[in-house]
Amino acid sequence: MAVAGSLTVQMNKPGVAVSPTLYGAFFEDINRAGDGGLYAEMIQNRSFEDNPRLIAWTPLMSPTAGASFDLDKTTPLNANNPTSLKIHVEKLGGDRVGIFNQGFKGILAAGKAPNTTDEWRKEFEAAQKKSTNGLVVKGGEAYRFSIYARTANPPAKLAVSLETQSGEILSGQWITGIDGTWKKYEVTLTPKADNSDARLVLSVTAPGTLWVDMASLFPQETWKNRGLRTDLAEAMADMHPGLLRFPGGSFSEGHILADAWRWKQTLGDVAQRPGNWDIWGYRSTNGLGFHEYLQLAEDLGAEPLYVAHVGMAEKDFVPMDKLEPWIQDVLDAIEYANGPVTSKWGALRAKNGHPAPFNLKYVEIGNENGMGYGWGGGTRADYLPRYKAFYDRIKAAYPNIVCIANIHTEPDAPADMVDEHYYETPDWFFDAATQYDHYDRSKPKLYVGEYAAKKGAGNGNMIGALGEAAFLTGLERNADVVKMSSYAPLFTDPAWQGWKPDAIVFDNTRAYGTPSYYVQKMFANNRPDIEFPITLPSVPKGAKQALFASAGVKKDSGDLILKVVNRGGTPETLNLDLAGVRASYPGGTRTVLSASSPTDENTFDQPTKIAPMEDKLPAFSPGSAYTFPPYSVTILRWQGK
Ligand code: AHR
């Protein structure tokens with residue numbers, strides 16, 4: 001066993017403090033992360049507003065029936081929800097006439113404009129005919145169905161059923177007494193058997209005219225009763241993020257201002273939320289709204305970070321002299337999150353179920369605005385005056401709010417923190433492991449708010465994860481400057497994927513973590529409070545550095561945590577020089593993520609092909625040799641007490 005040299009942890013030298021927010025999460029409704037993902041609503045196009053034509057709902061009737069299903073705006077449920085479904089039946093032609101919904105079967109997001117083209121619709125309809133990824137129901141479990149309905153022929157009734165694709169009824173209920181005015185009806189459906197490609201069917205058994213809206217189906221059991229899909233929320237919670245950035249990303253900016261996410265439109269009764277066009281190719285219901293994001297952060301034990309709109313969408317901007325309402329919007333958002341229940345917006349928060357303040361500390365002023373990207377978001381010259389107008393007003397009203405800038409505003413404007421984004425190659429990430437070693441400490445603190453090995457990282461492969469892990473050792477070593485970070489994007493349904501790779505991959509039944517997910521989890525679950533200076537053997541000129549490392553200590557337990565990344569295909573042995581504090585280490589835990597090839601990935605068929613292996617770390621004498629396996633991330637954690 002050739003020893004490549006010594007890894008020295010200078011435990012006797014004062015190290016930098018690591019912020020509890022260093023490892024965070026960034027949630028954006030991209031790739032169906034929200035609607036069709038974490039948000040447990042099972043019905044696609046529940047409010048019939050998703051598309052100018054009827055999508056995700058398919059008529060079900062005999063060829064001899066005389067019936068029509070039309071989107072109708074004549075008698076809206078409310079002004080924010082103008083379209084309803086008009087079901088008009090002249091002749092049954094059989095036992096019933098109905099329409100069914102199969103949940104979030106769909107197709108790849110088609111781009112940045114509303115998917116209304118014939119070509120898109122054809123693809124969508126073909127995807128709807130696939131025999132997978134329909135509604136997933138479990139036998140014996142309860143599902144809450146609700147719908148608004150009215151009729152021209154009172155009293156009318158409507159059958160609601162969960163059915164197999166061949167029409168076997170798994171559970172059915174009647175909604176009766178429907179009259180001429182909009183009313184909400186609720187029933188519970190409990191399927192008699194499991195089915196992973198089911199349909200929700202609405203049907204009538206008599207001629208007449210009915211209007212329906214907000215047809216919604218939720219599992220009775222959701223994560224913490226918050227209406228979130230349990231497996232996805234748990235995967236997120238397992239990351240133990242110290243920070244939750246929301247609601248986007250480009251999603252928060254909108255392609256155009258008219259599509260921007262406006263937090264006030266995402267509060268209260270979901271039937272009153274207008275939703276907005278999601279830049280990632282579908283309409284968002286905003287069932288996950290401002291309140292829900294704040295609640296999610298609280299449930300995760302993470303600091304909320306609100307990305308506020310700075311009046312700049314990707315393609316159009318609010319003129320400077322019309323910025324005031326947009327600034328006021330952010331001040332109101334802060335009051336909603338933090339204000340007393342006697343304040344206007346604090347009172348609404350209390351009414352929405354959370355009298356205690358959410359304690360929002362971080363507000364990012366815009367997303368990627370001013371970066372001068374070719375596809376939009378504005379230049380530095382567009383961003384600076386708007387940023388400054390927001391910054392000054394937020395600071396005047398709320399001096400303790402940490403304002404985060406999208407670009408380095410110095411020397412033209414102050415910033416409490418700057419958000420940097422990196423979507424690069426794995427090699428870039430290995431090289432960038434040292435980039436903050438040389439950061440000018442007089443400049444603002446940093447939040448690496450979006451990053452991922454993208455080019456050359458497949459669907460989320462091992463070499464990408466190794467690059468990110470190496471980069472994270474650099475963030476940890478420079479935790480005096482880098483206060484927060486978040487990998488992006490967090491979730492994807494591959495059937496709707498607009499961006500890859502992502503940390504958590506799901507379909508209607510399953511979810512798995514990519515190697516990058518496990519890196520996030522390993523680093524966050526082993527975040528030291530104080531970092532020690534570290535030295536690795538020097539690398540001959542022209543050779544690539546194989547090993548990357550960071551080390552630190554937990555204040556409460558005294559645990560010593562060493563993280564080492566071996567990017568190469570050969571094992572690397574080092575003498576671990578941990579002298580200076582203790583003579584020996586009784587033992588602890590070892591967590592290793594490794595792969596046999598740099599291009600290895602997890603898949604639905606092999607969801608844990610690459611997953612951390614944990615075992616007991618034997619007693620260890622400082623100075624002993626330790627071998628780090630090929631393509632691996634190793635965390636050695638010695639007990640302090
Ligand atoms: O994370 C995906 C996208 O990348 C985000 O929406 C945007 O901020 C960035 O360009």
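As the structure lists them, so they are numbered: ligands from 1, and atoms in each ligand from 1.
Here Trp223 pairs with nothing under the ring pair (Phe, Tyr, Trp, His ring centres under 6.0 Å) rule; sequence neighbours left out.
Ring centroid separation for the pair Tyr362 and Tyr306 does not come in under the 6.0 Å cut-off. Checked against the 6.0 Å centroid criterion, the rings of Tyr512 and Phe604 qualify as a close aromatic pair.
In summary, the atoms of ligand 1 found under 4.0 Å from a heavy atom of Glu368, numbered by their order in the structure, are 7 (C), 8 (O), 9 (C), 10 (O). Heavy-atom proximity to Glu28, at under 4.0 Å, picks out these atoms of ligand 1: 1 (O), 2 (C), 5 (C), 6 (O). Atoms of ligand 1 lying under 4.0 Å from at least one heavy atom of Gly249, given by number and element, are 5 (C), 6 (O), 8 (O). Distances below 4.0 Å separate heavy atoms of Tyr423 from the following atoms of ligand 1: 1 (O), 2 (C), 4 (O), 9 (C). Listed by atom number, the atoms of ligand 1 under 4.0 Å from Trp280 heavy atoms are 3 (C), 6 (O).
Looking at Asp502, Asn459, Asn31 one by one, the single match for side chain to side chain donor-acceptor pair (under 3.5 Å) with Gln497 turns out to be Asp502.
At least one heavy atom of Pro489 sits closer than 4.0 Å to an atom of ligand 1.
For Ser250, a nitrogen or oxygen atom sits less than 3.5 Å from a nitrogen or oxygen atom of ligand 1, counting backbone and side chain alike.
Using modelled atom types, one finds no donor on one side chain facing an acceptor on the other under 3.5 Å when comparing Thr603 with Asp605.
Counting heavy-atom neighbours within 6.0 Å of Lys395 NZ, excluding the residue itself, gives a total above 12.
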